Amino acid sequence: MTLDRVAEAAFRLIERDGLEALTMRKVADELGIQAASLYWHVQDKHDLVDLLADALFAGFGLEALPGAESGDWKADLKEFGHAFRRYLLSRRDAAQILVNRFVLGPHMLSNLERLLGWLRGSGLGDRESSYALITCLVYIHGFVLWETTPMSGAVARGEAPREYLDEVREELEELSPEQFPHTVALAEQLTGPSNDARFEFGLSCLLDGLAAQAAGGAGCMRTS
């Protein structure tokens, strides 16, 4: 029995049933062992999720990104943002596992070190670099959580998101233009763009703000 085998069994369960269904007993059953034996390796479910958080980074290495280490910190962070979002979307409930997890596993630390190096090399101060890292991760995790959460009861019950959004757009367009002029005017934009376009817009705004901060601009409050 190894921690790698424990993580693999837990990920299989999550892919089948989701993170909410994960229990120590189910992981033990997946491994074909008694639950008491599992507790020798992982103290409880909280520690199990810590293990999974670092294991997720084992499958995502910044050094493997095709555009990384270009020497342009902003381009590198943009490449990371898009690749990390795709990775989180490819693993069921991955964003839920990682959100607000700060565990000192070897895989997480390796990626953390590289990201901080890019930010410190941008001209940001130490405090700004640490804040910027958290801001970037919160944006990526939060966006993935937002786009993977059913947007209504109808979608949760199986209606296609695109069909639901088309219905919402029609309802918005039928609102009173006198009472809701802005909502009616932007009905298409509120329901039409792809999540890829929305993510790109937010990420670009975030990185542009960091670039202004690094250059000493007034994009956000300077901290000393």
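The structure displayed is predicted, hence computed values, not measured ones. What's counted below: heavy atoms across the whole structure, side chains too, no hydrogens, waters or symmetry copies.
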Rounded to the nearest 0.5 Å, how far does [atom2] of [Y] lie from [atom1] of [X]?
| X | Y | atom1 | atom2 | answer |
| --- | --- | --- | --- | --- |
| Phe201 | Arg198 | CZ | CZ | 11.5 Å |
| Ser152 | Glu159 | OG | CD | 6.5 Å |
| Lys26 | Leu38 | NZ | CG | 14.5 Å |
| Asp54 | Leu104 | CG | CG | 9.0 Å |
| Lys74 | Glu79 | NZ | CD | 15.0 Å |
| His46 | Arg101 | NE2 | CZ | 7.5 Å |

Is there a side-chain contact between [X] and [Y], using heavy atoms and a 4.5 Å cut-off?
| X | Y | value |
| --- | --- | --- |
| Phe102 | Leu112 | yes |
| Asp76 | Leu115 | no |
| Leu172 | Arg169 | no |
| Thr148 | Leu88 | no |
| Leu77 | Leu206 | no |
| Arg5 | Glu30 | no |
| Pro106 | Leu109 | no |

Treating [X] as the side-chain partner and [Y] as the backbone partner, does any N or O pair qualify as donor plus acceptor under 3.5 Å?
| X | Y | value |
| --- | --- | --- |
| Asp47 | Val42 | no |
| Ser204 | Glu200 | yes |
| Glu15 | Arg92 | yes |
| Lys78 | Leu203 | no |
| Thr135 | Tyr131 | yes |
| Lys45 | Leu22 | yes |
| Arg91 | Leu56 | no |
| Ser130 | Arg127 | yes |

Of the non-hydrogen atoms in [X] and [Y], which two are nearest, and what is the gap between them?
| X | Y | result |
| --- | --- | --- |
| Ile140 | Gly81 | CD1-CA, 3.8 Å |
| Ser176 | Val184 | O-CG2, 4.2 Å |
| Leu210 | Cys136 | CD1-SG, 4.0 Å |
| Pro161 | Val155 | CG-CG1, 4.1 Å |
| Ala55 | Phe11 | CB-CE1, 3.8 Å |
| Thr191 | Ala187 | OG1-O, 2.9 Å |

Exercise for the section: Identify whether the distance between the nearest side-chain nitrogen and carboxylate oxygen of Arg85 and Asp196 falls below 4.0 Å. Expected result: yes
Problem - Electrostatic pair Arg162-Asp166, nearest N-O below 4.0 angstrom - result: yes
Taking atom [atom1] of [X] as the centre, report whether more than 12 heavy atoms of other residues, nucleotides or ligands fall under 6.0 Å from it.
| X | atom1 | result |
| --- | --- | --- |
| Asn100 | CG | no |
| Gln34 | CD | no |
| Arg120 | CZ | no |

hydrophobic_cluster_shared for [Y] and [X], side chain cutoff 4.5 Å:
| X | Y | value |
| --- | --- | --- |
| Leu19 | Val99 | no |
| Leu145 | Ile14 | no |
| Trp118 | Leu137 | yes |
| Val49 | Leu51 | yes |
| Met108 | Tyr87 | yes |

Problem - Side-chain donor-acceptor pair present, Asn111, Arg114, cut-off under 3.5 Å - result: no
Exercise for the section: Start with the C-alpha distance between Phe199 and Val144, add both sets of side-chain angles, then the distance that settles side-chain contact (heavy atoms from CB on, under 4.5 Å), and finish with yes or no. Expected result: CA-CA 9 Å; Phe199 182 80; Val144 173; 5.9 Å; no
Exercise for the section: Verify the ring-centre separation between His107 and Phe60: is it less than 6.0 angstrom? Expected result: no
Practice task
Taking the six-membered ring for Trp and the full ring for Phe, Tyr or His, determine whether the centres of Phe84 and Tyr139 are under 6.0 Å apart.
Solution key: no
Problem - Leu186/Phe180 under side-chain contact (heavy atoms from CB on, under 4.5 Å): CA gap, chis, key distance, verdict - result: CA-CA 10 Å; Leu186 300 180; Phe180 303 102; over 6 Å; no
Practice task
Run the numbers on His141 and Trp146 for side-chain contact (heavy atoms from CB on, under 4.5 Å), then give the verdict.
Solution key: CA-CA 9 Å; His141 288 154; Trp146 171 79; over 6 Å; no
